[in-house]
Amino acid sequence: MQKASAIDIVVIILYLALILFVGLWYSRRSKSTSEGYFLAGKSLTWSVIGASLFASNISTVHLVGLAESGFVDGIVWGNFEWFSAFELIILAFIFVPFYLRTKITTLPEFLEKRYDSRSRVLLAIFSITAALFMHIGVSFYAGAVVFEKMFGIHIIISIVIIAIATGIYTVIGGLVSVVVTETVQTIILIIGSLTITILAIYQLPEVGIHSYEALKEAVDPDRFKAVSFDEVKKGFSFLDILFGHLILGIWYWCTDQTIVQRVLGARSEKQAKLGALFAGFLKILPVFIMVVPGILAFALFKDDIGANTKSVLPVMILKLMPIGLKGLMVAALLAAVMSSVAAALNSCSTLIVYDVFNKLKPNLSDARKIQIGKITSIAVLILAVAWSPFLGDLGAIFELINQMFSIFAPSIVAVFLWGILSKKGTANAAFWTLLGGSLIAAVIFLIEKYATIGGIKNYISNPEGLGINWLRQTYVYFIISSSIYVLISFFDKSEQHIPDTFYLKATRSSKIVNYLSICLVVIMLIIYAIFY
């Protein structure tokens with residue numbers, strides 16, 4: 001088992017010290033009000049919002065999973081990153097005006113203003129569950145696995161160290177500490193990932209690869225196709241990714257508290273929109289510095305990696321990075337874990353305070369809210385530490401987490417999207433769409449995962465059965481959820497109580513926001529033309 005050198009350990013310790021120092025230093029700016037603690041006093045600017053959105057999203061699951069996906073399938077999984085740019089534009093232009101106009105603290109609160117308290121309760125349950133079991137738990141486990149493979153550190157010890165380091169500044173400082181440390185972690189993430197990519201490219205001539213065309217031939221040209229890839233080999237089509245990820249992406253970027261909380265803390269609507277667009281530009285990078293390294297690993301270390309494709313990133317770090325730079329890459333991995341955990345932890349405590357305790361006792365003082373937020377953060381952290389080691393039996397992490405998201409994402413997107421675009425949706429429609437749509441998806445997921453139908457496992461997605469892969473299932477669930485919503489709204493004659501200000505005409509976006517969004521779309525279209 002590879003052991004860390006003294007220099008690498010020093011680099012890692014310096015990184016942890018830097019993050020703790022920055023987090024605790026900026027915790028002093030967390031005002032003694034609940035808005036200051038949970039929403040950074042609505043003072044966030046575009047650069048911090050954008051960097052924080054990026055860092056919150058890029059977890060160790062991404063770093064490990066995307067490298068493995070590049071090794072196995074190629075750049076096709078980069079669509080999951082590139083499509084996010086378009087979904088962040090949707091966040092900026094469709095959702096941000098509604099969120100900031102209604103002056104909400106949590107997204108379940110938004111559903112209560114549009115529909116009723118039943119939808120608020122359901123979304124709060126979904127969001128807290130997602131933060132605890134998926135965002136935090138999966139991030140802990142994925143990071144700990146990498147550290148075990150690289151340095152022989154036991155998984156549980158790694159999880160505890162990460163939890164303590166992240167918990168200190170998150171619990172003490174609130175959202176201000178989270179977003180500022182995430183800005184620092186964004187820089188470390190990009191530098192670390194870019195370094196390993198450059199080192200891999202520098203190594204190519206040693207295996208006889210001297211040009212881009214030679215690289216494509218060495219790894220199979222299909223690995224560099226984002227649109228016209230071999231659908232039979234991959235098991236899904238580009239349209240499956242397009243429509244499936246559109247639903248997952250709108251849920252994640254536009255309706256998930258863990259992500260949207262940064263936007264809710266924006267100084268103004270313009271800063272919120274610019275922050276979302278800045279994150280959209282940053283999301284271009286992961287394909288080139290996280291997926292492409294996996295392709296390069298196929299050319300360089302195919303025999304070393306073999307069938308153990310989860311070891312792609314650890315092998316690249318150990319084979320390519322000299323002493324000291326290994327520590328930098330581990331710091332990048334730590335940054336990925338800590339940023340994702342801190343974001344989910346902060347949003348989880350916000351949800352529990354405002355959608356649970358504040359509903360039970362509406363007149364809570366600011367000091368009491370902050371106290372409850374800190375206590376619940378610690379409790380959530382302990383629960384996540386306790387359950388995350390059991391993830392080892394659940395198979396491929398990156399695919400699994402997206403499959404789990406697809407259980408409730410379609411119904412949530414249906415309720416948010418149609419509720420914003422139309423006044424006709426009713427409270428009953430929203431409640432039964434959230435409940436019914438998610439139950440249908442959950443039952444199918446359990447059947448797929450654990451049951452046998454007609455002697456054939458995975459009957460729904462298996463080509464020998466219905467052949468509906470999980471990406472296709474996601475937008476099928478959205479169609480089902482939308483149908484439930486429309487039908488109930490059509491027949492439901494109950495009176496609605498939507499605030500008069502809810503559908504006020506949005507203010508026109510500034511020229512810089514419009515220009516940047518057009519620029520982002522043009523860049524994405526050029527990229528797709530190159531990797532068609």
Given 3.5 Å as the limit, does a donor-acceptor pair link the side chain of [X] with the main chain of [Y], or not?
| X | Y | result |
| --- | --- | --- |
| Asp222 | Asp230 | yes |
| Gln271 | Trp46 | yes |
| Thr309 | Ile305 | no |
| Ser340 | Ser56 | yes |
| Glu217 | Tyr212 | no |

Contact between [X] and [Y] at the side-chain level, heavy atoms closer than 4.5 Å - yes or no?
| X | Y | result |
| --- | --- | --- |
| Val76 | Lys225 | no |
| Leu175 | Arg262 | yes |
| Ile49 | Val179 | no |

Exercise: identify the closest heavy-atom pair between Ile188 and Ala335: CG2-CB, 4.4 Å
What are the two closest non-hydrogen atoms of Ala336 and Leu189, and how far apart are they? CB-CD2, 3.8 Å
Between Leu318, Val207, Leu320, Val312, which is the residue that forms a side-chain contact (heavy atoms from CB on, under 4.5 Å) with Phe301?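 Among Leu318, Val207, Leu320, Val312, the one meeting side-chain contact (heavy atoms from CB on, under 4.5 Å) with Phe301 is Leu320.
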Taking side-chain hydrogen bond (donor to acceptor under 3.5 Å, both in side chains) as the definition, give me every residue that meets it alongside Asp240, ordered by chain and number, with sequence neighbours left out.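 Scan of Asp240 (side-chain hydrogen bond (donor to acceptor under 3.5 Å, both in side chains), adjacent residues dropped) gives Ser237, Asn469, Arg472, Tyr475.
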Is the Trp82 ring parallel, tilted or perpendicular to the Phe288 ring (thresholds 30°, 60°)?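 Aromatic pair Trp82/Phe288 classed tilted.
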With side chain to side chain donor-acceptor pair (under 3.5 Å) as the test, would you mind laying out the steps for Tyr15 and Gln185 before giving the verdict? CA-CA 10 Å; Tyr15 160 74; Gln185 287 161 333; 3.2 Å; yes
Taking only residues two or more places apart in sequence or in another chain, which ones pass side-chain contact (heavy atoms from CB on, under 4.5 Å) with Ser517? Phe93, Leu277
With Ser377 via side-chain contact (heavy atoms from CB on, under 4.5 Å) - residues at least two apart: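 Per chain and number, Ser377 pairs via side-chain contact (heavy atoms from CB on, under 4.5 Å) with Val171, Leu345, Ser349.
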For residues 162-169, please give each side-chain donor-acceptor pair under 3.5 Å, one per line with the distance, not counting sequence neighbours.
{"residue": "Thr166", "atom": "OG1", "partner": "Ile162", "partner atom": "O", "Å": "2.8"}

In plain terms, say whether Lys319 and Asp304 are close enough for a salt bridge, that is, a side-chain N and a carboxylate O under 4.0 Å apart. yes
Under 3.5 Å donor-acceptor pairs involving side-chain atoms of residues 518-527, not counting sequence neighbours:
none

Verify the neighbour count for atom OH of Tyr515: are there more than 12 heavy atoms of other residues, nucleotides or ligands below 6.0 Å?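 Check fails, neighbour count at 12 or below.
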Tell me, yes or no, whether the heavy-atom count around Ile323 atom CD1, taken from other residues, nucleotides or ligands under 6.0 Å, exceeds 12. no
Please list, chain by chain and in numerical order, all residues satisfying ring-ring contact (aromatic ring centres under 6.0 Å, His included) with Tyr532, sequence neighbours excluded. none
